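These numbers come from a predicted model, not from an experiment.
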Amino acid sequence: MVSSTRGRSPWAARLRKRRRPSRSRTRNGIKRAVSDRLGFPDEPLSTSHPLSSMRAFWFDPFLWIHLAGIAALPLFLELCWIGFALGDPILPVWLEFSLPVAIAVLPVVWMQWSRPFYIFSILVVALKPIRLTDAQRRLLTLFKRGQNRFLALIVPVVPIAAAWFLYRSAPAASGIADWLPSWRLLGLAIAAISLLAAHLFIQVPVSVLGVMLAEQNEFEDVEPFPVEQIPQNFSLFGFDVDRLLPELVAAMPPSSPTTADAEPSPADEDRPASE
């Protein structure tokens, strides 16, 4: 029994001497795992790499969230179609069509022209302007460019053309709208609200796309938008919160290794864990 205990003691001593991995080594392992997961190499990207043409500000998740909002467009157009199909026309064609279109187009165009949509928000919550980084405030400066104002005037052509097509083909949707009351005013209200949402879900993604097409040097040359002027120059909806989405700065492709992120030397690995 004594010999069995003595036989295990050297192994126990070796296990006690085994130290835990250093913090820097663990941090580097996590960064390598993230880079491998996202397809980023450990060395700087070459010009032939497919990710070398990506702008650094493309890694902001709010841009992609609002760019993907255009996927909701077919839903709102279908609701608009159903609204036009309710009841029998009670007004002249030009007036009955112009009222929903005016309600849907004018407010959104005015908003994008004077106070663009604040993209650092989701549904009914918005990130506090004071919590924005310098890069995010540079994005807001790009949203105030004259190019985005020009896009705000061009984009309404799409919902207006779609609304005219839906209005002319509304009788084909009469069977879908049988479960709703045949009130023409209700139908026009549904059409106006749905077309307003459809227009908004076109305007915001197009403005985001216009910003994302900016060159990296143009993004770096603009000044961050002043924090105190954001509420007066952008349309903020919902409740202000301190945090919404995690930042993806750690996942961006590395440009060059730094001293803090360098691998530990063999001497550091042999150092006891208590040090």
Side-chain angles (χ1 to χ4, degrees), residues 27 30-42 44-45 49-76 108 111-112 115-145 147-148 151-152 155 197-198 200-227 229-231 233-255 261:
R27 182 174 62 251
I30 295 175
K31 292 182 67 176
R32 282 196 300 269
V34 172
S35 299
D36 294 341
R37 182 69 174 174
L38 297 176
F40 296 142
D42 292 334
L45 295 176
H49 195 277
L51 295 178
S52 61
S53 61
M54 293 185 65
R55 284 75 159 170
F57 58 89
W58 282 7
F59 288 89
D60 194 298
F62 287 98
L63 293 175
W64 297 100
I65 289 174
H66 292 291
L67 184 64
I70 199 170
L73 178 61
L75 173 62
F76 293 115
V108 180
M111 179 189 73
Q112 290 296 95
R115 297 177 59 187
F117 180 78
Y118 182 72
I119 67 162
F120 301 106
S121 60
I122 301 176
L123 298 179
V124 295
V125 290
L127 189 62
K128 291 181 179 179
I130 196 174
R131 297 296 181 181
L132 298 180
T133 63
D134 286 346
Q136 290 174 327
R137 290 192 288 121
R138 283 192 174 94
L139 290 176
L140 293 181
T141 303
L142 293 179
F143 276 102
K144 294 290 289 186
R145 295 181 304 172
Q147 175 183 342
N148 277 51
L151 290 175
V155 169
L200 180 63
F201 278 85
I202 297 178
Q203 281 278 8
V204 174
V206 169
S207 65
V208 169
L209 183 61
V211 169
M212 294 181 69
L213 292 179
E215 296 294 337
Q216 179 65 30
N217 55 0
E218 183 181 0
F219 169 77
E220 295 174 353
D221 290 341
V222 299
E223 293 293 331
F225 204 86
V227 176
Q229 298 181 15
I230 292 177
N233 289 272
F234 291 89
S235 298
L236 283 72
F237 301 100
F239 303 98
D240 294 338
V241 295
D242 292 326
R243 185 178 177 86
L244 270 180
L245 297 175
E247 297 180 3
L248 297 183
V249 176
M252 295 176 63
S255 56
D261 296 335

Can you tell if the side chain of L67 reaches within under 4.5 Å of the side chain of L63, non-hydrogen atoms only?
-> no
So, the side chain of R145 versus the backbone of L142: is there a donor-acceptor pair under 3.5 Å, distance only?
-> yes
Kindly compute the distance separating CD1 (I122) from CG (L127), expressed to the nearest 0.5 Å.
-> 9.5 Å
Any chance you could measure I202, atom CD1, to I70, atom CD1, to the nearest 0.5 Å?
-> 6.0 Å
Atom pair NZ/CZ of K144 and R115 - distance to nearest 0.5 Å | 9.0 Å
Side-chain heavy atoms of W64 within contact of M212, under 4.5 Å | yes
Should the pair K128 and F239 be classed as cation-pi, given the thresholds of under 6.0 Å to the six-membered ring centre and 45° from the axis?
-> no
Nearest-0.5 Å distance that lies between atom CG in N233 and atom CG in L140 = 9.5 Å
Centroid-to-centroid, Y118 to F237, below 6.0 Å?
-> no
Check whether any side-chain heavy atom of I119 sits under 4.5 Å from a side-chain heavy atom of F117, and report yes or no.
-> yes
Heavy-atom pair with the smallest gap, counting every atom of P224 and R137 | CB-NH1, 3.4 Å
Can you check whether L200's main-chain N or O pairs, donor with acceptor, with Q203's side chain at less than 3.5 Å?
-> no
Heavy-atom closest pair (F143 atom, P116 atom, distance to 0.1 Å) is O-CG, 3.9 Å
Is the side chain of R138 donor-acceptor paired with the backbone N or O of V222 at a distance under 3.5 Å, no angle test?
-> yes
Does a donor on one side chain sit under 3.5 Å from an acceptor on the other, for N148 and Q112?
-> no
State, with a plain yes or no, whether a side-chain heavy atom of I230 is found less than 4.5 Å away from one of L132.
-> yes
Using the benzene-type ring in the case of Trp, are the ring centres of F225 and F234 under 6.0 Å apart?
-> yes
Test item: P205 and H66 side chains (from C-beta on) under 4.5 Å apart, heavy atoms | no
Compare all side-chain heavy atoms of P129 with those of L236 and state whether any distance is below 4.5 angstrom.
-> yes
Taking the side chain as every heavy atom from C-beta outward, state whether F120 and R131 have any atom pair closer than 4.5 Å.
-> no
Under 4.5 Å between any side-chain heavy atoms of L151 and L209, yes or no?
-> no
